[in-house]
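Contents: one structure, followed by commentary.
In what follows, chains carry the letters A, B, and so on, assigned in the order in which the sequence lines appear, proteins first and then strands, with residues in each chain numbered from 1.
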2 protein chains.
Amino acid sequence: MGKRPTQEQVARLAETSTAVVSYVVNNGPRPVAENTRKRVLEAIAATGYRPNSAARTLVSGRSSVIGLVVPDLANPFLALLAQSIEHELFSRAYSMLIGDSADEQRREASVVETLLTHEISGLIWYTVAQPPPQDVLDKLTIPTVILNDIEREDLSAADEAGRVVSVLADEREAARLATEHLVDHGRQRIAHVGGPSQRLNSAARARGWLDAVAASDLRPGGQIAAPFTRQGGFESAAQLVELECDAVVAANEMQGIGLLAGLRRAGVRVPEDLGVIALNGTTAADYSLPTLTTVEMLTADLAAEIADTLDSDSQALTIVPDVRMIARESCGCANIGFGTGR
Amino acid sequence: MGKRPTQEQVARLAETSTAVVSYVVNNGPRPVAENTRKRVLEAIAATGYRPNSAARTLVSGRSSVIGLVVPDLANPFLALLAQSIEHELFSRAYSMLIGDSADEQRREASVVETLLTHEISGLIWYTVAQPPPQDVLDKLTIPTVILNDIEREDLSAADEAGRVVSVLADEREAARLATEHLVDHGRQRIAHVGGPSQRLNSAARARGWLDAVAASDLRPGGQIAAPFTRQGGFESAAQLVELECDAVVAANEMQGIGLLAGLRRAGVRVPEDLGVIALNGTTAADYSLPTLTTVEMLTADLAAEIADTLDSDSQALTIVPDVRMIARESCGCANIGFGTGR
DNA sequence: ATGAAAGCGCTAACAT
DNA sequence: ATGTTAGCGCTTTCAT
């Protein structure tokens, strides 16, 4: 485990000072003569020097590392989101520390605090609960993007402390879109499979669903609380049958996929007997049977907006990512996009 | 953005020195009187002090951060692996920096170098190619686990430099298991859908497949090169039909899922006409139609072994993770595990 | 344009 | 048991 070369060794080899090496490496803040710069670059190449980011962070107080906290990295949508964010951050010369809260609030608090320990210069936090724990929020002194539909007042303390805390508020619109589409298909009783009832997490989705139902003078088809898993969706199928609905909006794609399997087993035909749309879809929806109509978030765009917010200290209080519906078979839009992988 | 409290402030409040605060925080290396310890802990609570990890890293040379590089975080298997590793590392008080190489060697090199910049104390690298680029290997001065079936000689340079470089070598066995199972089902012509042909990446899987085919005096049913995506699997279906096989081993679950959709479309019945098994499966395989028989890696165990290797400087040269076959419908083992979510 | 030097917050060797 | 202090590698102010 040989020690890595330091700035000092580079300076010695280039016959100059560490200050100048620093100027060259960082392209400033002071000018360097072309000649000297060249010697320094050669010395860097010769020694294999790479700046030590711990030292850099210590002196500058900024780390070029962003933290991301998600409740379940094995959820394909969250994995996709994480990937999009990683790509965006990488292109801006940031690295990404990732924490998985396992959908548990206790663990989440601990994960966030650990990340803060690393002097991250920004935090992207897909919270488990809504609102997020106040005591953790109070510890945030860095630009933070909360990925959940938060009431502004929950953040007042954070705002006052001068932190940039932004918020994603789209799930409501996504749910509204999905429900509306089912209405357009002529569905009469539209149910909603949401998250576990003890969690407020999915309140926004439920609201969007109710918005659309109300707007079309229908009665809500009933709401089912289920874990955000394929198994959760699978098990909801039976309840759904009892509710005698003809359509359902699932809170996420995993539930949607589970639902399809459960309905198949229950002998319910999709989309003939029951239309299904899931939120937060990925390309995996192209390969189920039937293919699953979803509402997708444009994660690449969202990632870019998040990054903008974090490194420009933008004053945006809310980010509203674009959302679009991908009509496939499960809602009744037959023969669209089947297995094409888009 | 108020400055965070430092050790010095804690010391002042507790009326002691920074050294003692350090001893308390790190539980050593020197003893502290019970009384003093209590005052320090109170001061920490009062100030909200959290150690600055940049300073810690700088002085100690170790960072409590491990780097993970994967080719595609949106691949459910890799997402699961990343999650398992994150959980294991978290339980050992490590944090995880993650880089997505996007399955491109150029990007991969850059991602690895960026991680090295952060003084990570270990690297877990699911390489794009086999063997991994030598120039990058040569830069590794930290314990590293390469997740790919590497020839020992490719690492000789790394070993000589005293680095702990360990290797995962299981894919061959996984492929052998899968193929053998298809043989047991009486399949005669067993094909293999591997990775893109210009990549050696999947050589181990191909070897395991050939091992099993040879052991049963069958002729190989043909090999198809396809991207490691659902779309790749989907498009292989047509070629598979031409090969007139009665079984196939797909290199990963995404290909397997795509294959099922493609075969369905081509009017091929699974498992009646064609048996399908995919490697590196996840629980998602429980919800396809038919449910997809897979060989799974026990990612939790693997993660634990990896972590052991990284923080104990273990001398193990190879990690052989446990692998097990989950028989579902697609191979011909009907009515097993259908939608049960296990 | 270049260099000397003062820290950034922390750990641990070395006093006491 | 506790305190003092010398760096860890880097950035940047302040000379020159």
What are the residues of residues 6-15 of chain A, sorted by number, that bring a heavy atom to within less than 4.0 Å of DNA chain D?
A:T6, A:Q7
Nearest whole angstrom, please: distance from the P of C:dA12 to the CZ of B:R62.
12 Å
Strictly by salt bridge (charged side-chain N to carboxylate O under 4.0 Å, His left out), give each pair with a member in residues 78-87 of chain B just once, sequence neighbours left out.
A:R107-B:E86
Locate the shortest heavy-atom distance separating A:S95 from B:T114; write the atom from each residue and the value.
OG-CG2, 3.4 Å
By side chain to side chain contact (heavy atoms under 4.5 Å, CB included), A:L13 pairs with (sequence neighbours left out) A:A43, A:A46, A:T47
Near DNA chain C, which residues from residues 31-44 of chain A have a heavy atom under 4.0 Å away?
A:P31, A:V32, A:A33, A:T36
Would you list the pairs meeting salt bridge (charged side-chain N to carboxylate O under 4.0 Å, His left out) in which at least one residue belongs to residues 112-127 of chain B, sequence neighbours left out?
A:R4-B:E119, B:E113-B:K139
Taking only residues two or more places apart in sequence, or in another chain, which ones meet A:E88 in a side-chain hydrogen bond (donor to acceptor under 3.5 Å, both in side chains)?
A:R92
Please list, by residue number, the residues of residues 19-27 of chain B whose heavy atoms come closer than 4.0 Å to an atom of DNA chain C; answer none if no residue qualifies.
B:A19, B:S22, B:Y23, B:N26
Mind checking what makes side-chain hydrogen bond (donor to acceptor under 3.5 Å, both in side chains) contact with B:S63, not counting sequence neighbours?
none
Taking for each residue the nucleotide of DNA chain C bearing the nearest heavy atom, is the 5' side occupied by A:L58 or by B:R30?
A:L58
Divergence of helical axes at both termini of the helix from C:dA1-D:dT16 to C:dT16-D:dA1 - five pairs an end, 10° steps:
40°
Sequence neighbours excluded and cut-off under 3.5 Å, please list the side-chain donor-acceptor pairs for residues 27-41 of chain B, or say none.
residue : atom : partner : partner atom : Å
B:N27   : OD1  : B:R37   : NH2          : 3.4
B:R39   : NE   : B:A14   : O            : 2.9
B:R39   : NH2  : B:A14   : O            : 3.1

Where chain B begins and ends its contact with DNA chain D, read 5' to 3' at 4.0 Å from heavy atoms
D:dA1 to D:dG9
Just jot down the side chain to side chain contact (heavy atoms under 4.5 Å, CB included) partners of B:T18, sequence neighbours excluded, or say none.
B:Q7, B:E8, B:A11
